[in-house]
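Step one of this worksheet: look at the structure below.
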Amino acid sequence: MTAVTAVTDHTDHTDRIDHADHADHADRIDLAEQAEQIGQADQAEGADRAECCGPSGPSGRTDRAEPPRHVKRVDAGEPEGSGAESAAGAWDDGLIARRVSDTGVFDVEAAVDTHVPNDVGAAHDDDAALMTRLDALRELVGLSRTRVDAETLAEAGHVLDEAAARRRLSDRHTVVAVAGATGSGKSTLFNALAGVPLSETGLRRPTTSAPIACSWTDGAAGLLDRLGIPGRLRRRPLQVQPGQPGQPGQLGQHADAPLKGLVLVDLPDHDSAAVEHREQVDRILALVDAVIWVVDPEKYADAMLHERYLRPLAGHAEVTFVVLNQVDRLPGEAADLVLDDLRRLLDEDGIALGEHGEPGATVLALSALTGEGIGELRESLDQFTREQGAASRRIAADIDAAALRLRPVYATGRRSGLSEDAREEFTDRLADAVGAEAAGQAAERAWRRNANKACGTPWLRLWRWYEARRAPSITFTTLKPAPADEEATARQRVEHAVRVVGERASAGLPGPWGQAVREAATRGAAGLPEALDELALTAGTPAGRLPRPGWWPVAVLAQVSMTLFQVVGGLWLLGQIVGVLDPNLGVPVLLMLAGIVGGPCVEWSCRMAAKGPARRYGLEAERRLREAAAGCGRDRVLDPVAAELLRYREVREQYVKVTG
Amino acid sequence: MLQKAAKIGHSSHVVTLDVRPQLLDALSALRDRVAAARFPLPLPGAPRARANRVELLAQLDDYLVPRLRDPEAPLLAVIGGSTGAGKSTLVNSLVGRRVSEAGVLRPTTRTPVLVCHPEDHTWFSRARVLPDLTRVWVPRRPDGRDSGAPAATEDGEHVLRVETSGSLPRGLALLDAPDVDSLVARNRVLAAQLISAADIWIMVTTASRYADAVPWHLLRSAKENDATLVTVLDRVPHQMVAEVSRQYGALLAKAGLGDVPRFTVPELPESTGGGGLLPATAVAPLRAWLTHRVQDPTARGTAIARTAGGIIDSLRVRTPELAGAVASQYAAALRLTAAVDETYRREHARVRTRLQSGGVLAGDALKRWRSYPLDCTPAELLDALTESLGALLLCSVTAADERIDEAWRRDPAGAADGLAARDPDLETAEHRIGMAVRRWRRMLEEYAEEQVRALDATPPPDTELVAALLATALLGGNRARSAGESLAERIGAQGALRLRDRGGRLLTDYLDKVLAAERERRLAPLDALDVHPESQAELIAALSVLQKER
C-alpha cells in the first residue's frame, strides 16, 4: 500500500509539471493537506487526466496503471525542458530528496495517527504548523547549500535529522532526562520517581558514570536505541507489571499519577573533572524531549550550569523542569529564599518560568531523600506526559534556536535590492565606457559642419578651400586612418561600473548572499567589454552618409540666388559704367546689396535651422549607443544580479516561515 | 605569645628568599615589559595571551613585588573555592566572629573581606598589595550583618573591605574571596586575582562537590606555580567522613597533590543555618596550622619562599609564551601589510600595462580623438583624457581595496576592530585621485607652454593644442602614434621628444604618488595598532636579566 501511495504521489508532481495549468494544486509543499486529501486528489487528478489525455480509460484503475509510463515520457521526452523547469531542477535536488523522505515520515505519522486516540485536536494543528516549519527549514537548507558554507548549515541539518529521527519513533513516549551537577541527587530523585533503587547512589563523586533509563510504558526500545543506552542499563519502575503496559489499575501505590509513556534517563554529572561524563550529557541532552535539572542549595548558582546549559537552552523553557533538591538540608524559610533566588537566576538566564498558567519552565523544591515535594513533581510529569507534546515542543524549540543562530546569514535590518538609481547609474557608467556622449556630440557637430558647408556662401567656401590648400598639415589628421579599434571600450570604466553596481546590490545583504551577488556581477562582466566593443562598431557608427534634410535644396537654391543677385547686380553696374546699359543706380545697387546681405543672412538662418536637427541627430546617435550598451549590461550583469537577489528573497521567505 | 609574634613579625632574617635590589629592579623591568605588551590582532592565541598578561601583571603587582619589597609583611591567606562551599563560614569561624556575611543565597560574598590583626592594619590599608582595589571600611550593624557594601563603586572599581580582629595572630591576614565559579563573571576574575595575591591559598570544597572541574583546574595551576596550598573539605556529613576523606585524598594524590595539607570540617547545623559560627574545635587544626606558619620563622620562610619562588620560576615559562604571542602578532601584522603591498604592486603593474596599451584612450576619449580636430576642440580632448586617466586610477584603487578586503577577511588577524572601521569613502578616493589628475594636467599644460615659448615660430602653435597632443601621445600608447607625429610636426622632432620625455616622467611620478598615497591610507589603521617586533626581544631580555639576578 505504501508503495502505491508513493507512486501516485510522484505521478501527481510530474503531472503538474506537465500541465502547468493545474495551478489549483500548486501547493504541493503542503504535505499535511496532501496527506488528508490524497484519496480525493487522486480521483480529481484521474479525472483531469482523462480530460486532458483524451479517451485513456474510463476507470481509475487503468489510470493508475498508466502513470509509470507517463513519468518516463516526461523524463525522456523533455530532458532539458523549458528554462524555468531546468532551473527549478538545478536547485531542487534537495527538494526531491525531501519529498521522498517526507513521504516516509508521513507514512509513519499516519500509521501512528491511527493508533493514537483522537483526544488531541489542538495538538494536531501544532503538529501541522511544526511540519510546515520543518519543511521550510529543509527547503531553506536546500536552497542555501551552494551559497552558505556547510559549517553554518550543519546545525540546521542536525535539527532536521534529529527531528526526522524523533518523529519516526513513538510519540506516545516522552523521554525525560534527569541532569544536574555532581552530588545534587540526580540518582536519588531518579530512584524516588521509579520507586525502586535502580540507579546507584553514593558518596563517591562522581557516582553515576553511564546513563540509565527507566520506561514506564513498553515500546520505547527505538527511543532508547537512539539515545545509545544499552539494554543492560534499561530498567522498569516498580509499579508497572510486565506484559500489561500502561494499564491503569495495575499500578502500585502511585495510582494517582501513572506517568504513562514516561521514559526517564538518569544522566551522569556535567561538571565533574571527568570530561567523558560531560560529553555523554551533551550528547543525550540533544536527543531527549525534556530535561529535569536537579540543583541543590549549594550549587544552584554554579556558573557552569547557567552559562553552559541553561542560557543556551533558554528557548527550551517549555520542556524544562528545574527542581531544587535537598531542601531538607535548609532550615526554615531558607528553602523559600533559595527557591526565589533560583527563580531570579533562571529569569536572568532568559528562561520563561511557567507560573500563572503561562508556558515555561516548571520550578519546584523537593527532597528526594525525604520524599517531600516528589508528589508534586510526579503530578506535573504526569500531566506533561499525558499531553504528549514534549517531542514537538522540543523540536520547535530546536528550530527556534537554529533559526536564531542562522539569523545573521539570512536576515538583514535594511531594505535590500537593486534600486532604480543604481541601475541608472550603472547604465550611465557603461555609456561613458563606450563614449556615447562624445559620439553623440561628434555626430551632431559633423552634421552641423556638413550643413554649414552646404549652405555657406560660395565665397566662404572658396576661402576655406584656399586655407586648406595653403596649410595642409593642420588638417592632416582628418586623413587619420580609422582602423577598427580593438578595445574601443574603456575597460577600467566597465570594471568599475560592475564593481559599484555589485556593491550597491549587495549592500545590506548578509555575508554569503552579498558575496553571491557580487560574484554574479563579476561573472556577468567577464565578456562585457568585448560585447561593448562590438556594439560600438555596429551601433556607434551611423550607416552610410549623413542624412540630408528636405530644406537643404531650398537653402542651397536661396544661397545660389543670392550669389546670382550679387553677380547680376555687379554686372549691371559694370554695364552702366562701361555705358552699355542705361544709367540706373538704384536697382542694381539694391540687387547687389540684397545679395551681399542676403547671403550671410541665408547662411545664418540655415545655421539656426540646422541646430535643431543636428542636436536631434546627435542625441539620436548617443541614445542608440547608450541603449545598446544598457541592453548589453542588463543582459549580462543586471539580470543575473536581480536573479540572485530574487533567490535571496525566496530564501528569506523560507526563513520567515521557519521562524514561524 | 603576642610579644613573640610581634618580634617575629618584624624580623626579616628568617626569610630564606634572597632579595637583592637588583632582583627587584629586574622584576620591575620585566613587569613594565609585560605591561607594554599588546595583543590587538584577534589571532587564535590572542585572548589567552591577553589573559596571561593580566594574570602575570596581577601576580607581579599584587604579590611578588610587594612581597619581595617587604618580606616582613603579614602572611596573606586567601580562602577561595566554589560557590556554596562555606568559605565565609570558615573565615568567620577562624576569626571567631561574623566578619563576612554567610548565607544560603548564592553568590553570598560579593565584596572580598580582608581580616587582620589590628596592629597589621597599616600593611593593608594602603595600596601595598592589590593596589587596584579601593579600601572600604563598613561600620558593622548591631545585628552583625554588613549593610550590603557594593561589589564595585559607581565607577566600576572593585572594593576590598578591611576588617580587624584581635583574635587573629599577628602577621596573619585572612581574605575571603568570591567564588571561583561565580555566575557573576567579574567576581570570577576578581577571585582569580585575589588567589594570585596569596601567600597561602586555602582551597575550600565540600563533600558534594569535591569532584567539580573548575576548582581542580585552579588546583592544577596552583601546583604548576608551586604555591603554598591547603585544602579544606567542608560540610562533610558525620557518617561519611572517612569515606569521603579517603576519596578526596585519592583524587588529590592522583593529581600529584598528595602532600598538600588536608583538613576536614564536618557538616554541622551551623554550617547551613544562616551563617552561624562553627565551634572552635571544628576549625582548630586549620587554625593551628596557620598559626604555626606565622609564628615559626622557618615555616613562615618556607611558605613565602615557596610561593614567591614558584612564581619567579613560572616566569621562565610564561614570559617566553607571552613573547611568542607578541611575535605572532607581529608576524600577523607583517602578513597583513604584505597583502596590501602585494596587491598594490600588482595594481601598479596593471595600470602600467593599461597605459602602454592605450587603455586610457578608449571610450569617451577615443571618440573625441576620432573626431579631433574637425569636431572636437583640444580642450575637450584634454578633458576627456584627464577624466579617463582618473577613471583608470580609481578603478585600480577600488580593485585593490576589494582584493585587500578579501585577503584580510581570510586572515584571522584581519578582523581587528580598527581595520574594519577604515573609512572606505569612495567619494574621497575619487576626490583625491581627481585632484592628482587635474594637477598633472596643469603641469602638462605648463610644460607645453614652456616648450612653445622656447620655440620662436611664427605663428606659435596653440599651447592647448600642444598639450592635448602631448597627453594623447602619452596616454594613448600605440594607438596614438599619429598624435606623436602631429606633435613633432608642430614643435619639431627634438622638442617633441623632449616634451614627451618630461611628460612621461611626470606621469610616472603622479602614478606612483597616487597609488602610494592610497596604500598608505590603507595601512594607516594597521600602523596605528603599533605592533612592532621589539617588545618580543625586550621581554626575553628582561627575563634573562631576571634569571641572572636570581
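Below, all heavy atoms of this structure are taken into account, side chains as well, without hydrogens, waters or symmetry copies. Just so it is clear: chains get the letters A, B, ... in the order the sequence lines come, proteins before strands, and each one is counted from 1.
- Comparing B:Val360, B:Leu251, B:Leu465, B:Thr206 by how many heavy-atom pairs each has under 4.5 Å with chain A, the most go to B:Thr206.
- Residues B:Leu389 and A:Gln492 form no side-chain contact, since every pair of their non-hydrogen atoms from C-beta on lies 4.5 Å or further apart.
- Of the two parts of B:Ser388, the backbone and the side chain both hold a non-hydrogen atom closer than 4.5 Å to a non-hydrogen atom of chain A.
- At a threshold of 4.5 Å between non-hydrogen side-chain atoms, the residues A:Gln441 and B:Lys367 do not count as touching.
- Between chain B and the residues A:Asp302, A:Asp296, A:Thr182, A:Asp340, the largest count of heavy-atom pairs under 4.5 Å involves A:Asp302.
- A pairwise comparison of heavy atoms in B:Thr377 and A:Arg445 identifies N-NH1, 4.4 Å as the closest pair.
- At a 4.5 Å heavy-atom cutoff, the contact between A:Ala442 and chain B is made by backbone and side-chain atoms alike.
- Contact annotation for B:Arg409: only side-chain heavy atoms (C-beta onward) come within less than 4.5 Å of a heavy atom of chain A.
- Between chain A and the residues B:Gly363, B:Ala365, B:Ser396, B:Ala362, the most heavy-atom pairs under 4.5 angstrom are made by B:Gly363.
- A salt bridge does not link A:Glu437 with B:Arg368: none of the charged nitrogens is closer than 4.0 Å to a carboxylate oxygen.
- At a 4.5 Å heavy-atom cutoff, the contact between B:Glu387 and chain A is made by backbone and side-chain atoms alike.
- Contact of B:Ala483 with chain A is not made at all, since no heavy-atom distance falls under 4.5 Å.
- Contacts between A:Ala335 and chain B at a heavy-atom distance below 4.5 Å are absent for every atom of the residue.
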Steps toward salt bridge (Lys or Arg N to Asp or Glu O under 4.0 Å) verdict (A:Arg518, B:Glu406): CA-CA 12 Å; A:Arg518 278 194 296 274; B:Glu406 208 184 307; over 6 Å; no
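- Contacts of A:Arg311 with chain B are made by side-chain atoms alone, with heavy-atom separations under 4.5 Å and no backbone atom involved.
- Heavy-atom distances place the side chain of A:Arg278, and not its backbone, under 4.5 Å from chain B.
- No other option in A:Glu503, A:Gln515, A:Met304, A:Arg493 has as many heavy-atom pairs under 4.5 Å with chain B as A:Arg493.
- Among the candidates A:Glu307, A:Glu495, A:Arg499, the residue making the largest number of heavy-atom pairs closer than 4.5 Å to chain B is A:Arg499.
- Interface remark: B:Arg246 contributes no atoms to any contact with chain A (heavy atom separation under 4.5 Å).
- Residue contact with chain B, scored on non-hydrogen atoms closer than 4.5 Å, is absent for A:Glu444.
- For A:Glu348, no part lies near chain B; criterion is any non-hydrogen pair under 4.5 Å.
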